[in-house]
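Quick note on labels: first sequence line is chain A, next is B, and so on, each numbered from 1.
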Amino acid sequence: MERALKRMILGNQAIAYGALAAGVDVVTGYPGTPSSEVIPEIIRYAAQNNPAPYAEWSVNEKVAVEIAAAAAWSGKRAMATMKMSGCNVAADSILSIAYSGTRGGLVFYIADDPGAEAGMPEQDTRVFAQWAGLPVLETESPQQAYDVCSFAFDLSERTELPVIVRSVTSVAHEMELVEADFLYAPLKRDPVFDRDIERFTKAGSAICTQQHRNLLRRLEKAEEIIHGQNINRWLKNDSSLSVVSAGNVNPFVSECLSSTDGISVLYLQATYPIDRRALDEVFSCSARILVLEELEPVVERMVRSEASLHGWKGEIFGKLDARLPRVGKYTQGVIRKGLYLLASGGDGIDADVETYPAHAEESAEDIPAVKHPITFCAGCPHRGTYLALNRALKKNKLDRGETIVTGDIGCTILGMNPPFDSCWTEVSMGSSIGFAQGFMRAGMEKPVIATIGDSTFFHAGVQPLINAVQHRSDILLIILDNGWTSMTGFQVNPGTVETLQPPGQTRVDIVQVVRSLGVDVVETMHPFSQDQAADIMDRLLMMKGVRVIISQEECALVRMRREPRNIHYAIDSDTCTFCKACMRETVCPALVPVFDEDSGSEAGGKKNKGVMTIDPDLCTGCGLCATCCRFRAIHPAREEVHV
Amino acid sequence: MFKFKSLYLCGLGGQGVLTFAKIIGNTAVKTGYRVRVFNAKGMAQRGGRVSSEIRMTSDPACTYGSRIGEGGADVLICLEIGEAINALPYLREGGTAVLLDYASVSAQNILKNEPYPTLSQVESAFAARTDCIRTVLHPRRPYNIYTLGFFGSVIDGMPDLLPGIDSSSLKAALKSTLKRSLEQNLDVFQKGMESGGVRAVLT
């Protein structure tokens with residue numbers, strides 16, 4: 001039954017609805033900011049509706065892409081979602097899948113992060129798409145994301161190519177009222193996969209070069225469809241100045257243009273393959289062209305090469321002439337600067353440039369920026385693990401400044417921050433285990449330690465551990481197992497306890513996995529039992545061979561949401577000497593110092609008089625602060641807390 | 001009719017910045033405006049910065065971006081004074097600033113005895129950009145709802161700030177948006193409205 005969709009939803013939720021509207025059958029993915037809100041929306045839909053697509057959080061992006069591709073090769077419609085870094089993990093399969101193409105609609109939803117607002121590189125998926133030879137449709141707003149995602153399946157089937165729908169943080173995490181006549185009507189195709197080794201294997205030069213030719217032919221067809229359906233919008237005006245803008249930059253350009261300046265604009269929604277006939281129109285009526293796109297000069301390079309092929313003699317402004325930035329997101333300031341350059345010809349000689357005043361330089365404020373360093377949440381089990389590690393190092397007279405701890409992606413990397421100062425490196429999913437082996441092979445005398453979270457271990461940590469076992473590497477691996485993929489929003493992973501797995505799924509036990517690999521020593525510990533934890537670490541620290549400690553305690557935020565705690569800690573103000581050792585060793589957000597009125601001046605005087613308190617609303621009762629207090633001033637306060 | 005109005009909200013994880021934004025967004029939708037709400041929340045759970053950018057227009061034909069560039073916010077609402085300093089570049093000259101007198105000083109800052117901006121320092125920094133500063137003194141929890149109530153009283157007194165939106169439409173959106181502890185929140189909203197924040201006194 002057709003229903004009106006009319007809700008304030010995120011760009012990512014709109015992608016989910018766009019896929020549902022296209023009748024998607026299978027949706028897979030691995031969490032990664034800013035892409036993580038698509039699959040939960042599909043899962044929510046599936047829980048309440050019948051028929052509904054199959055959706056899963058896969059173990060990593062490569063597996064997600066493979067599941068989606070095989071479903072699509074069987075004639076179904078499928079989508080895999082990931083952040084740009086995940087695309088690298090899946091790259092090996094994506095490039096090969098591109099050669100084979102697809103039968104059912106296959107969409108890869110990949111979210112980039114210009115400005116690195118969530119951390120990790122400012123990688124531009126459009127560059128990857130050109131490398132792989134896959135069409136890219138861009139998002140501008142949640143409403144448009146809904147429409148474009150739906151169209152992507154159609155384009156994929158008509159070209160027999162997987163299609164990338166590319167988003168950026170500014171759209172993925174933006175809410176808008178999305179309106180559509182929404183209907184989930186799967187196509188009810190029988191799954192059919194015909195054995196066709198010339199298409200679906202890579203055995204031999206003849207097969208591969210033919211597949212490459214097919215891929216290029218399909219791209220030509222994609223360009224034809226993109227042109228024929230006016231996917232890009234050409235707004236012709238009367239001056240000889242033109243803008244070519246791309247994706248989420250489009251609405252910013254509309255906003256900054258004045259209605260009286262006569263500038264023409266080609267708004268691209270499909271950035272690859274580029275619509276060359278649309279570019280011809282731009283060349284035919286322009287003396288100057290400004291290209292506005294975030295990150296890499298992908299469109300600009302294509303515009304410049306087309307201009308050169310056509311012998312077009314005008315001037316092009318963009319990033320390659322070093323006029324506009326390749327770093328960070330584009331908002332009104334950069335757009336206005338670009339329009340100013342276009343109008344003035346780069347030197348301010350002619351044209352009405354007053355419409356685009358140069359962006360006001362930031363006035364020098366006399367107060368420096370304020371930092372709120374991110375740390376472990378109150379009650380986070382990782383705090384206990386790093387605390388125990390540092391206690392074991394101290395006991396073995398190992399200086400933290402000399403003992404390499406390789407870190408990994410996710411919440412566990414917060415061990416890099418004070419007061420733990422543990423992690424030295426963060427590279428990519430699972431890399432801590434490979435890097436630890438490399439430091440050991442370089443001949444480091446001190447023990448080398450790797451830390452990794454449970455989801456990251458399943459994602460890409462198992463193979464490097466196998467490598468360590470085979471080569472008898474001397475490393476201590478600490479798996480901080482909190483049962484959830486927490487950093488990206490508490491998604492389920494293979495290690496999540498059985499009862500909290502979605503219906504029909506089971507749990508994979510990390511301890512069993514590690515033992516089965518033939519690791520020399522495997523121990524489990526509880527991070528809140530500090531004596532036991534530090535003992536185990538102490539015992540394994542100086543041993544040879546592959547040692548693995550699995551630190552097990554559920555993510556406090558997930559646990560507290562499910563079952564409110566019935567214990568918290570409190571500080572006896574008479575016993576507290578305000579030495580701040582608890583705060584210094586744990587930096588727990590629940591510890592709140594209350595300063596005496598006469599304790600130091602407002603602006604940075606020595607504030608040594610007062611008392612430490614614990615915010616009962618934040619305290620989860622882990623008790624780690626109590627292990628830091630030599631005056632025994634911190635005790636459990638057993639009282640029912642009503643939330 | 002107005003082309004668009006931009007509000008920048010900021011604070012720290014756990015303060016309810018996103019709920020605040022949702023209520024304003026829902027109010028604007030109810031009022032008949034087109035609205036884009038961007039949430040920056042990557043580190044929200046870990047005590048990190050949270051901000052929300054709300055842009056609305058009464059012109060259905062107007063196309064505009066989801067983000068507020070520096071100097072683009074007509075209204076800047078800050079639930080923490082340190083983050084207010086960080087957000088100041090977003091306020092346009094002569095825009096309206098709503099500040100909450102609440103400081104969350106990090107443990108590392110305390111342990112190193114580093115200075116933290118005071119309310120009066122923050123107000124002076126803002127005064128270089130605007131003379132329209134409203135400060136909420138002695139806030140109650142939840143800070144987001146208290147400040148929302150206060151903001152309601154601000155827009156009641158400045159009807160051109162967000163045309164068509166007033167304290168009663170905010171209150172109606174609060175009722176339809178919040179599912180839990182509604183009575184309590186309505187009470188805090190009312191107290192925020194009646195708190196009568198001060199205009200910064202500058203010397």
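- Heavy atoms closer than 4.5 Å to chain A are found in the side chain of B:E80, but not in its backbone.
- With a 4.5 angstrom heavy-atom cutoff, B:R141 touches chain A only via side-chain atoms.
- In this structure, B:Q108 contributes its side chain and A:P418 its backbone to a donor-acceptor pair below 3.5 Å.
- Using a 3.5 Å distance cut-off with no hydrogens or angles, the side chains of A:T331 and B:R67 do not pair a donor with an acceptor.
- Atom CZ in A:F252 sits 12.5 Å away from atom OG1 in B:T63 (nearest 0.5 Å).
- In this structure, the side chain of B:N86 engages the main chain of A:V370 through a donor-acceptor pair within 3.5 Å.
- With hydrogens and angles ignored, the 3.5 Å screen pairs a side-chain donor or acceptor of B:S66 with a backbone N or O of A:S170.
- Within a 6.0 Å radius of CZ in B:R140, no more than 12 heavy atoms belonging to other residues, nucleotides or ligands are found.
- In terms of heavy atoms, A:E117 sits closest to B:A40 at OE2-CB, 4.4 Å.
- Residue-environment remark: CD (A:E179) exceeds the threshold of 12 foreign heavy atoms within 6.0 Å.
- With a 4.5 Å cut-off on non-hydrogen atoms, B:I81 does not touch chain A at all.
- Considering only residues two or more places apart in sequence or on other chains, A:E140 meets the salt bridge (charged side-chain N to carboxylate O under 4.0 Å, His left out) condition with A:R233.
- Other residues, nucleotides and ligands contribute only 12 or fewer heavy atoms inside 6.0 Å of the CD atom of B:E183.
- Between the side chain of A:H372 and the backbone N or O of B:S104 there is at least one donor-acceptor pair closer than 3.5 Å.
- To the nearest 0.5 angstrom, A:M612 atom CE is 7.0 Å from B:I110 atom CD1.
- Looking at residues two or more places apart in sequence or on another chain, you find a ring-ring contact (aromatic ring centres under 6.0 Å, His included) between B:Y64 and B:F4.
- Between B:K22 atom NZ and A:M8 atom CE the span is 9.0 Å, to the nearest 0.5 Å.
- Taking every heavy atom of both residues into account, A:V587 and B:A107 meet most closely at CG1-CB, 3.7 Å.
- Using a 4.0 Å cut-off between charged nitrogen and carboxylate oxygen, A:E174 and B:R55 do not count as a salt-bridge pair.
- Of the possible polar contacts, none joining the A:E176 side chain to the B:R36 backbone as a donor-acceptor pair under 3.5 Å is found.
- Checked options B:N26, B:V35, B:V37, B:I54; the residue passing with A:M175 is B:V37 (criterion: side-chain contact (heavy atoms from CB on, under 4.5 Å)).
- The shortest heavy-atom contact between A:I374 and B:G48 is CG2-CA, 3.8 Å.
- With contacts defined as side-chain heavy-atom distances shorter than 4.5 Å, the pair A:K580/B:L111 qualifies.
- Atom CG of residue B:N39 and atom OG1 of residue A:T169 lie 12.0 Å apart, to the nearest 0.5 angstrom.
- Contact annotation: the side chain of A:K371 never approaches that of B:N109 to less than 4.5 Å [non-hydrogen atoms, C-beta and beyond].
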